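Below is one structure, written out as structure tokens; the observations come after it.
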Amino acid sequence: MATESANGVSSPELNERDVVITTNDNRNFTVKIGVARVSKTINNMIQDLGESLDLSSGIPLPNVDGPIFEKVLEWCEEHKNAPEIKVEQDPHTRERKWFTMTEWEEEYFRKFLSHLWDLAMAANYLEIPSLYYYTCQKLAERIKGRTPEQIREMFGIEDDLTEEEKAEIRRTNVWCTY
Amino acid sequence: MGAVLDKFLGDDLYTSIIKKQSVLRLEYLGIAPEYLPSEVLTDILNYLNRNEVEKCQLVCRRWDRVIDYSARGLPLRLLPKLTISLDNRKNTMAYKIKKDDDMEEIVNPTFILEKMPMLIFEKIVLGPDSLSSLEEIFSTQQIPGVFCRFGTTSQRDSEYLPLVHNASKLLKYLSIKTLNLALPMKAFIYLLTDPSLFQQYCLPIELNIRAFFPYSTPVPIPQRMNSFFHVLGISHDIQMHKCFLYLALCDYKVMDVCERLFHAFCHEWYSGFPFKAIVFEFRNHWNRAPIKRFLIQNRLEHRSENHNDSRFDVYEKIRDDGWTLNIYLDKVIKLRPTFSDFHFLNHDNEKVINVMFTECALQ
């Protein structure tokens with residue numbers, strides 16, 4: 001059990017086996033490899049470790065804390081068999097096309113509305129494209145149509161621009177309607 | 001309590017709640033990370049349009065810097081048209097930008113260069129003889145545009161070949177789908193008959209070519225037209241979706257040319273003709289801007305008009321070979337520049353070829 005051979009890494013049986021993942025607050029999560037693999041970062045670790053992978057002693061995730069990883073796992077469980085998402089953009093303006101989310105995904109984001117930033121950061125680090133791009137879209141959704149003041153208030157951002165700097169930005173962006 | 005609140009913090013509610021209770025804001029509304037990686041921010045902003053992005057520059061210094069720094073990777077502002085042409089009166093370059101339905105706004109080149117990374121144009125028109133100076137300007141900038149036109153009025157080999165060469169060099173800096181090349185007939189034929197030259201210059205993109213027949217050239221019209229059609233006939237491998245032929249004609253020759261064109265369609269080129277339509281534009285002078293603008297505007301309006309409209313006089317000509325030539329002439333401005341469509345109707349198989357025809361009185 002201590003070592004799982006690298007050539008078995010892609011086998012379906014392996015997906016059913018458990019791996020222990022330790023977050024930065026020293027919480028251990030026992031996860032099916034098939035689920036953990038939704039994260040490309042973890043998948044790479046499993047593949048890189050290959051021969052020396054010790055499934056029971058676990059994979060450390062120094063950049064993610066327990067509560068967030070729990071939420072991420074919920075996503076991974078739901079998306080373990082989901083196909084790779086396709087990020088598309090308008091060929092001219094380069095605006096990204098908005099994804100249509102399933103009822104489950106909408107509910108997921110409703111539930112974790114106050115953790116969007118953490119989810120985006122964690123998904124970025126863990127390389128989970130579906131979670132990452134969907135979370136970014138959710139954040140964009142909340143920015144859209146809001147004034148800079150509202151955005152600041154919404155995300156607790158400190159207004160560190162001087163009036164002169166703001167005037168300069170407005171001067172430069174001649175075509176922007178605020 | 002957190003879960004309950006989360007449930008209630010719907011999109012509409014949270015703004016009012018945070019205004020009332022700052023404690024809730026800190027606890028429940030996901031404070032933006034202090035060291036927000038710029039890639040995460042740009043990935044979020046990529047879902048928004050340029051206007052929203054520019055608005056976000058006012059949020060805080062960090063956001064402003066990220067947006068400023070990654071301008072090239074963020075959405076662009078779509079503007080209908082950029083015109084860069086030689087101002088004949090002052091002999092300087094004129095830069096005009098059109099936004100929405102507004103009039104064209106004259107802008108200075110520094111401004112364009114500054115703005116270029118954030119803009120995309122539906123159409124870029126580079127006016128006659130302005131190319132050599134342009135390379136210098138745009139060699140450091142990628143101009144994202146959909147549509148592009150270069151033009152020259154030059155009749156001398158020594159002038160139009162460098163122009164084509166410059167156009168090809170500019171392609172490096174332009175991300176364009178279509179290139180409109182306005183060339184004298186000689187250059188046009190030269191390009192079409194020397195495929196290697198053609199390939200080298202223009203093939204990666206769709207090409208619109210305008211061939212210009214000067215009024216003053218002593219070669220008789222039929223001969224020039226025939227060579228034009230001949231060149232088109234042998235150039236099937238060249239990707240063009242529009243081809244423009246410019247002819248200088250006296251008024252009384254108009255019908256003659258129509259007949260000839262009609263003839264060419266029916267008997268020589270129709271079966272293998274690579275184009276659905278040919279646009280005819282008649283104008284006083286090749287590069288006289290007011291008339292050109294007038295023609296373009298009117299042609300666009302014209303397309304949407306119903307030709308059964310009583311505004312048009314309709315002339316019908318039935319041919320022995322089963323084709324009918326319908327000519328629509330505008331009643332209102334018959335002697336001023338006017339517009340009409342030619343419909344070639346084959347009664348046997350109901351194929352219709354529309355030949356857009358624009359006309360203005362020649363001096």
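In the text below, chain A, chain B and the rest are named by the order of the sequence lines, each starting its count at 1. Worth saying up front: this structure is predicted, and the values here are computed from it rather than measured.
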*Are any of the side-chain nitrogens in B:D43 or A:R96 under 4.0 Å away from the carboxylate oxygens of its partner?*
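So B:D43 pairs with A:R96 through a salt bridge.
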*Considering only heavy atoms, which portion of A:T135 lies under 4.5 Å from any heavy atom of chain B: side chain, backbone, both, or neither?*
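Contact with chain B: none, neither part.
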*Heavy-atom distance under 4.5 Å to chain B: side chain of A:I157, backbone, both or neither?*
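The answer is the side chain of A:I157.
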Pick from [options] with the largest number of heavy-atom pairs that fall under 4.5 Å of chain B:
options: A:A123, A:C176, A:A120, A:G145; answer: A:C176
options: A:L139, A:D160, A:L119, A:V87; answer: A:D160
options: A:Q89, A:E165, A:E149, A:K97; answer: A:E165
options: A:E158, A:M121, A:K138; answer: A:M121

*Of the backbone (N, CA, C, O) and the side chain (C-beta and beyond), which part of B:E54 lies under 4.5 Å from a heavy atom of chain A, both, or neither?*
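Both parts, backbone and side chain.
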_Donor on one side chain, acceptor on other, B:N46 and A:E95, under 3.5 Å_ =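 No, A:E95 and B:N46 have no side-chain donor paired with an acceptor closer than 3.5 Å.
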_Selection from B:N49, B:L58, B:D64, B:L45 maximising heavy-atom pairs under 4.5 Å formed with chain A_ =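 The residue among B:N49, B:L58, B:D64, B:L45 with the greatest pair count is B:L58.
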*B:W63: what forms a ring pair (Phe, Tyr, Trp, His ring centres under 6.0 Å) with it, not counting sequence neighbours?*
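B:W63: no ring pair (Phe, Tyr, Trp, His ring centres under 6.0 Å) contacts found.
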*side-chain contact (heavy atoms from CB on, under 4.5 Å) evaluation trace for B:L74 with A:R94*: CA-CA 7 Å; B:L74 290 170; A:R94 300 202 295 234; 5.7 Å; no
Return the [atom1] to [atom2] distance between [X] and [Y], rounded to the nearest 0.5 Å.
X: A:D159; Y: B:R61; atom1: CG; atom2: CZ; answer: 9.5 Å
X: A:I169; Y: B:C56; atom1: CD1; atom2: SG; answer: 11.0 Å
X: B:E52; Y: A:T177; atom1: CD; atom2: OG1; answer: 8.5 Å
X: B:K55; Y: A:I151; atom1: NZ; atom2: CD1; answer: 5.5 Å
X: B:I44; Y: A:K144; atom1: CD1; atom2: NZ; answer: 15.0 Å
X: A:W175; Y: B:N51; atom1: CH2; atom2: CG; answer: 12.0 Å

*State, to 0.1 Å, how close A:Y133 and B:Y47 come at their nearest heavy-atom pair, and which atoms those are.*
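Looks like O-OH, 2.9 Å.
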*Give the minimum heavy-atom separation between A:R152 and B:V59, together with the two atoms involved.*
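Closest approach of A:R152 to B:V59, heavy atoms only: NE-O, 2.7 Å.
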*Not counting sequence neighbours, which residues clear salt bridge (Lys or Arg N to Asp or Glu O under 4.0 Å) with A:E77? List them please.*
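Here the qualifying residues are A:K80.
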